[in-house]
Amino acid sequence: MIKDANDRLLEMVGYTRAEFEAGAVGWQTLTASGWENADEYIGQQVATRGFCPAVEKEFLHKDGRRVAVNVTVAIMEGDGGDAVTLVEDITERKQHEKEVLRLATAVEQTADSIVITDTNGNIQYVNPAFERITGYAKEEALGKTPSILKSGKTDLGTYEELWQTITKGKVWSGQLLNKKKDGTLFEERVTISPVRDASGDIVNYIAVKQDITQQLQLEQQLRQSQRLEAIGQLAGGVAHDFNNLLTAILGYSDLTLAKLEAGNPLINNLREIKKAGERAAGLTRQLLAFSRKQMLAPRVLDLNSIVSDLNKMLRRLIGEDIELVTKFGVNLGSIKADPTQVEQVIMNLVVNSRDAMPNGGTLTIETRNVTFDEEYVLTHQPVQTGDYVALVVSDTGSGMDAETQARIFEPFFTT
């Protein structure tokens, strides 16, 4: 049993000395989870003059508050055989340990990449997000410098500014185009802060890095969409005015051709004028479709019929030095699409092929039924498995280099 307690313990647990002396306060009363064998345990230490190692407990203050303590039993010298129990209040230390654990858990689980280096830039710690984003395991990064991520695409002046800033004890923020272990480039938004010790000396640098590659791609797509919308509005207005001019050109061409006698030398000139007007009319339809001012009217179509109907116009479009070959699929499936848009796709592809064969060649338009299985779909997202109708336009031209291929979906790009 507890015979007496000093003022500090009384303050720690909220009981009076009289309550202790009266035997109203025991180890089981004081200990939050109960310490039923405390007296027996301490008694054994006294009997054997043994050593009772320190043990962590939680005391209950009289008002219900919990107090973390470290309990140590010391055996008194002499015949009394009493033991002195030293109780250290470690509540503050335990709270600090919890905060450190909470911080460590947050750093380990955050989606941002965390890197800690010494003052020479050698990596001392990376969190799991760093491993996931960069592809480097922690063991591969420790002891190295962040230069393992350099892509060679970031201006050297940026690194100089970074190092000068943090070595002066200031925080640096900026963007770096880095390279993963597999060679993939990625953009990071980085904030690097100096870490100081109690005396104010810089002992570490901590970098918090966010992979913003996808965000930048989305921003670029948004800007491209906004540009295309503005271009579409302009194209729609021009197309309507241009269409009015073409109506007059084609109308007067037809009227004049009807009045000219056979053999008139002007007939060929007028026919060329009319053909140019028809090509311009096709361009107008494309502009209207691009500006979304031409209403889409999808319906069930026979792709063979579309290609067959365009055949005559396409032959005039490509010229005499290019051979046009058509291969129609047998029992071809039907498709549902806007016929005008399908015609525009075919004409655009044919014009591109013509431009790729300035000295002549062969242009082939082919239709056929195809079935896409799971293996094909894996490498051709977002296509789904099933039966499709394929339209294939191929030529014997020069093809495109990588730079041109990167821009093929820009609406008004041409070579």
Electrostatic pair [X]:[Y] at N-O distance under 4.0 angstrom:
X    : Y    : answer
R65  : D63  : yes
R8   : D89  : yes
E140 : K138 : no
E278 : K275 : no

Pairing donors with acceptors under 3.5 angstrom, does anything connect the side chains of [X] and [Y]?
X    : Y    : result
T247 : N244 : no
T367 : N304 : yes
T191 : S173 : yes
E160 : Q164 : no
D112 : T110 : no

Polar side-chain atom of N127 near backbone of V107 as donor-acceptor pair, under 3.5 Å: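 Yes, the answer is positive, given that a donor and an acceptor are paired below the 3.5 Å cut-off.
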Within the structure provided, determine whether [X] and [Y] are in side-chain contact (heavy-atom separation under 4.5 Å).
X    : Y    : result
I335 : V300 : no
L9   : F59  : yes
T158 : L156 : no
Y205 : I116 : no
T371 : Y388 : no
K179 : T184 : no

Partner residues of [X] under the salt bridge (Lys or Arg N to Asp or Glu O under 4.0 Å) criterion, sequence neighbours left out:
X    : answer
K150 : none
R189 : none
E19  : K62

Closest non-hydrogen atom pair, R132 against A111: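 What the structure gives for the nearest pair is NH2-O, 3.4 Å.
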Closest contact, heavy atoms only, I365 versus L314: CD1-CD1, 3.8 Å
Could you list the residues that satisfy side-chain contact (heavy atoms from CB on, under 4.5 Å) with [X], not counting sequence neighbours?
X    : value
K94  : E56, A68, I90, E97
R271 : L257, I267, N268
T145 : N122, S147

Lys/Arg cation over aromatic F130: K209, 6.0 Å, 45° cone: no
Interatomic spacing from CD in E188 to OG in S151 - rounded to 0.5 Å: 10.5 Å
